[in-house]
Structure formats: C-alpha cells, structure tokens
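The block underneath contains the structure these notes are about, expressed in structure tokens.
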Amino acid sequence: MKKIKLGLLPQILIAIALGIAAGTVSPELPVRVFVTFNALFSQFLNFIIPLIIVGLVTPAIADIGKGAGKMLVATVLLAYGATLFSGFLSFGVGETFFPDLITRNIPLSEISEAKGVTPFFTVAIPEPLNVMTALVMAFTVGLGLAHLDTNYLKNACNDFKEIIVKTIQAVILPLLPIYIFGIFFNMTHSGQVFHVLAVFVKIIGIIFLLHIFLLIFQYCIAGMFVGKNPFRLLARMMPAYFTALGTQSSAATIPVTLKQTIQNGVNEGIAGFVIPLCATIHLSGSTMKIVACALALMMMQDIPYDFQMFAGFIFMLGVTMVAAPGVPGGAIMASLGILSSMLGFDENAQALMIALYIAMDSFGTACNVTGDGALALLIDKWFGKSKTNTSSTFPQN
C-alpha cells in the first residue's frame, strides 16, 4: 500500500486541533511533559539560529556577489525594493487595522508554559554566536568568498549549508508539529487559547487580502511599463500561483513560473536569468507575513514599538530573506535571529510566529513566485532590446 505523506501545513493544523482538544480535559502531568519538551526544543532553536544565519546567508551572498553585469544589479535592487515595499505596506496596514482586532495584554510566557507548570528538567545550550555577530560574519565572509579565485572555502561553506538545510528538514520541521501541539496544549490548559485563535483568524484574513492587493499592484506597475493589460498578465501566471500553493516551494515552482513568464512576452534568456534568481532573493509575500505577524504579537502583548524599530527590522529582513532555503518554513527559520535581536522575541513568541507563518506558508510562496513574473517584465523592458531574440521553447498563448 502506498503511504500517505502529510505536508507540513496539515501536520501543523492537526497539531493545533489536537492540542486544543487535549488541553480542555488533560490533567497537569501531561502538560508538564510537553512543557519539558518545549523547553528543550527552545534551547535547541536558540542554539541553531546563529548557525542557520551563517550557513545560509554566507553562500547566498557569495553567489550573488560573484555575478557580474548591470542586469544582475538591477534584478537584485528591484527584488530588494519590492520586498521592502511589501514590508512597509504590511506595517502600515497593520498599524491601521490591527488595534481594533487584537485582544491586548495576553502574556505569552503564561501561554507557552501554562500557569504554574514547570518542566521536569531543562538543559542549557549556549548559543555559539551572538545573532548580530553571526549576521556580520555571514556578510563579511560571503562578500570575501565572491572575490576568491579558489573554491576550497566556498565548497566548505556550501557543505555547511547542506548540513543546515538537512538539519531543518530532518530535525526541526518534523519536530515542529509536536512543538506547536505543546504550545496549543498549554494555551488551552491556561485558558488563553480562544483569545489567541481569534487573533490568528483575523490576521490571516487580512494578510491574504494584502497578498491579493500586492500582486495586483505589482502587475499594474509592470503593465504600465510594458504597455500590456495587467490583469491578463496576472491571469497567465495563475498556473505558477496554484503550483506554488501545492508545493510550498519557490524552487520547485521555477519551471512553471519560467514557462508562464515567457508566455507573457519576456525574452527567454532574460526569463531564464531572472526567474531562478528571484526564486531566491524576492520574497515579498513572506516578508509581508512576517512583518504583520510580528506586529500583531507585539500589539497582543502591549510591547512598545515605533516606526524606527520596524523600519530597521524590515530593511534587515529583506536581506535575511535571501538566505531562506527552498523548503517549507525556510523563511521563518532564517528570520528567527533578527526577530530575537531586533524585536526582542523570546522562544514563546518565536513559537507562535512559526505557527502563524506556517499556517499561511502556501499563500506566501504563491505570492512570491507570481510576483517574480512582474519583476521579469520590468527587467525585460529595461534590458530586452540588448538581448538576441531566440525562438521560445514554450508555446505562446
């Protein structure tokens, strides 16, 4: 018999449902078991976050830096600008609408650990590096690698990246449903779960509408520059959108995104350059989700913040998103470090960020890859005349 393999999102949803159901009837002892597991897993996350930053950001910066040409610079700046726009758009909408939707003064420490429940034991796992030290090291080494003539250190960094990606795939992601189960198990036990779930549903709804607006805006801008109907351009990208919904991976959707982008009239050579690159560096949908979720959780806890704090966070998040690996949940894993260092998120807030993010992972990925087509249209407008036209390997609509 063929085994049915559940994706990460169904696992998270099942974990949330089971956690709520078990928390309504469970005595304290099982809660304490999961408090112990969550405490240990949180320590491991704190340990691995700086390694994730070094392992993923370093080769990403090296790969971008070793490229040459105006098209590369233009694509990177355009993708970064689009990511920043989505982050500030998310912050502005959140500032406007979230205060009326969010129940304030919900202490996440009580939610995550349950009132009066302590773990059986804890094991302290010190961080090997400070988060900001890891970021600076990644940029310094990455830029240096881009200008080296030898490949020894580059190969070592790529091997280390593979170790980190395997750790995310084989350890962190499989254990996440248990971690999320423990969080909601404890929330229900402490009586806070329904307040938090009400916030979750409202925030997810607003972010979904923001994704739709962002895609329409991106294609209106692209359509204005190339002189084409933006809604027809966007409609042609729908196969890529729905493929990303199913795969939850920008990398896995590249063939479909490439085909539909060429059908929108983009030069095949330019599309072949821009689409794979943007699958790595353009994560507008992911950035929008992270900013909105972070703002919502800070409002929920009455944590003070200001525009300057979030502006710095968004600028750094746009760079960190470059390191997001092509696996479900990769973007939130790459951003945990700056959530901790710049916004002060502890492991409890990080756990809820992961749950919120994973719940919307498919829609964010679909927004990312569909937006890649709009950026390719702009790059083709600016550089297409200098490229030699080639017969497309994909049929035109």
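Between Ala82 and Gln218 the shortest heavy-atom distance is CB-NE2, 4.4 Å. Annotation for His282 and Gly371: closest pair CE1-C, 3.7 Å, computed over non-hydrogen atoms. Between Gln350 and Phe345 the shortest heavy-atom distance is NE2-O, 3.3 Å. In plain terms, the two heavy atoms of His211 and Cys367 that are nearest each other are CD2-SG, 3.9 Å. Summarising the geometry of Thr287 relative to Leu317, their closest heavy-atom pair is CG2-CD2, 3.7 Å, with the distance given to 0.1 Å. The two residues Lys228 and Gly265 make their nearest non-hydrogen contact at NZ-CA, 3.8 Å.
Looking at heavy atoms from C-beta onward, Phe231 lies out of side-chain contact with Tyr219 at the 4.5 angstrom threshold. Taking 4.5 Å as the limit, some side-chain heavy atom of Phe310 sits within range of a side-chain heavy atom of Met298. A 4.5 Å side-chain heavy-atom check between Phe88 and Ile314 finds at least one atom pair inside the cut-off. With contacts defined as side-chain heavy-atom distances shorter than 4.5 Å, the pair Phe98/Val93 does not qualify. Between Asp380 and Val226, every side-chain heavy-atom pair lies at or beyond the 4.5 Å cut-off. Taking 4.5 Å as the limit, some side-chain heavy atom of Val291 sits within range of a side-chain heavy atom of Phe313. Using a 4.5 Å cut-off on side-chain heavy atoms (C-beta onward), Leu148 and Leu145 make contact. Looking only at side-chain heavy atoms (C-beta outward), Leu40 and Val123 come within less than 4.5 Å of each other.
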Q.
Evaluate Trp382 against Leu78 for side chain to side chain contact (heavy atoms under 4.5 Å, CB included), listing each step before the verdict.
A. CA-CA 12 Å; Trp382 297 332; Leu78 184 61; 4.1 Å; yes
**Asked** Passes side chain to side chain contact (heavy atoms under 4.5 Å, CB included), Thr122 versus Gln43? Steps please.
**Response** CA-CA 9 Å; Thr122 59; Gln43 286 290 321; 5.9 Å; no
Quiz item: Should Ile379 and Phe273 be marked as a side chain to side chain contact (heavy atoms under 4.5 Å, CB included) after you check the CA-CA gap, both sets of side-chain angles, and the distance that decides it?
Solution: CA-CA 10 Å; Ile379 296 297; Phe273 172 82; 5.8 Å; no
Verdict with reasoning, Phe181 to Ile14, per side chain to side chain contact (heavy atoms under 4.5 Å, CB included)
CA-CA 8 Å; Phe181 170 84; Ile14 292 171; over 6 Å; no
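In summary, the side chains of Asp372 and Thr261 do not present any donor paired with an acceptor at a separation below 3.5 Å, with no hydrogens or angles considered. Side chains of Gln260 and Tyr241: a donor-acceptor N/O pair is absent below 3.5 angstrom, by distance only.
The main-chain N or O of Pro239 is never found under 3.5 Å from a side-chain atom of Lys259 such that the two would form a donor-acceptor pair. With hydrogens and angles ignored, the 3.5 Å screen pairs a side-chain donor or acceptor of Asn368 with a backbone N or O of Gly364. At least one donor-acceptor pair closer than 3.5 Å links the side chain of Ser86 to the backbone N or O of Thr83. A donor-acceptor pair under 3.5 Å is formed between the side chain of Thr96 and the backbone N or O of Gly92. When atom types are taken as modelled, the side chain of Thr167 and the backbone of Ile163 share a donor-acceptor pair closer than 3.5 angstrom.
Using a 4.5 Å cut-off between side-chain heavy atoms of Ile, Leu, Val, Met, Phe, Trp and Tyr, with links allowed through other members, Val25 and Val31 fall into different hydrophobic clusters. One hydrophobic cluster, built from ILVMFWY side chains closer than 4.5 Å, cannot hold both Val141 and Tyr152; they sit in different ones.
Classified by interplanar angle (parallel below 30°, tilted 30° to 60°, perpendicular above 60°), the ring pair Phe41/Phe37 is parallel. The aromatic rings of Phe91 and Tyr305 stand perpendicular to each other, their planes meeting at an angle above 60°, with 30° marking the opposite boundary. Relative ring orientation between Phe315 and Tyr80 is described as tilted, the plane-to-plane angle lying within the 30° to 60° band.
With a 6.0 Å radius and a threshold of 12 heavy atoms from other residues, nucleotides or ligands, Phe120 has its CZ atom above the threshold.
Atom CG of Leu214 sits about 4.5 Å away from atom CE of Met288, to the nearest 0.5 Å. In this structure, the separation between CD1 on Ile262 and CD on Glu268 is 4.0 Å, given to the nearest 0.5 Å. Between the CG atom in Leu234 and the CG atom in Asn229 there is a gap of 10.0 Å [rounded to 0.5 Å]. For the atom pair Leu51 CG and Glu127 CD, the distance stands at 9.5 Å (nearest 0.5 Å). Asn155 contributes atom CG, which lies 15.5 Å from atom CZ of Phe160 (distance to the nearest 0.5 angstrom). Expressed to the nearest 0.5 Å, how far CD1 of Ile354 lies from CD1 of Ile332 amounts to 6.5 Å.
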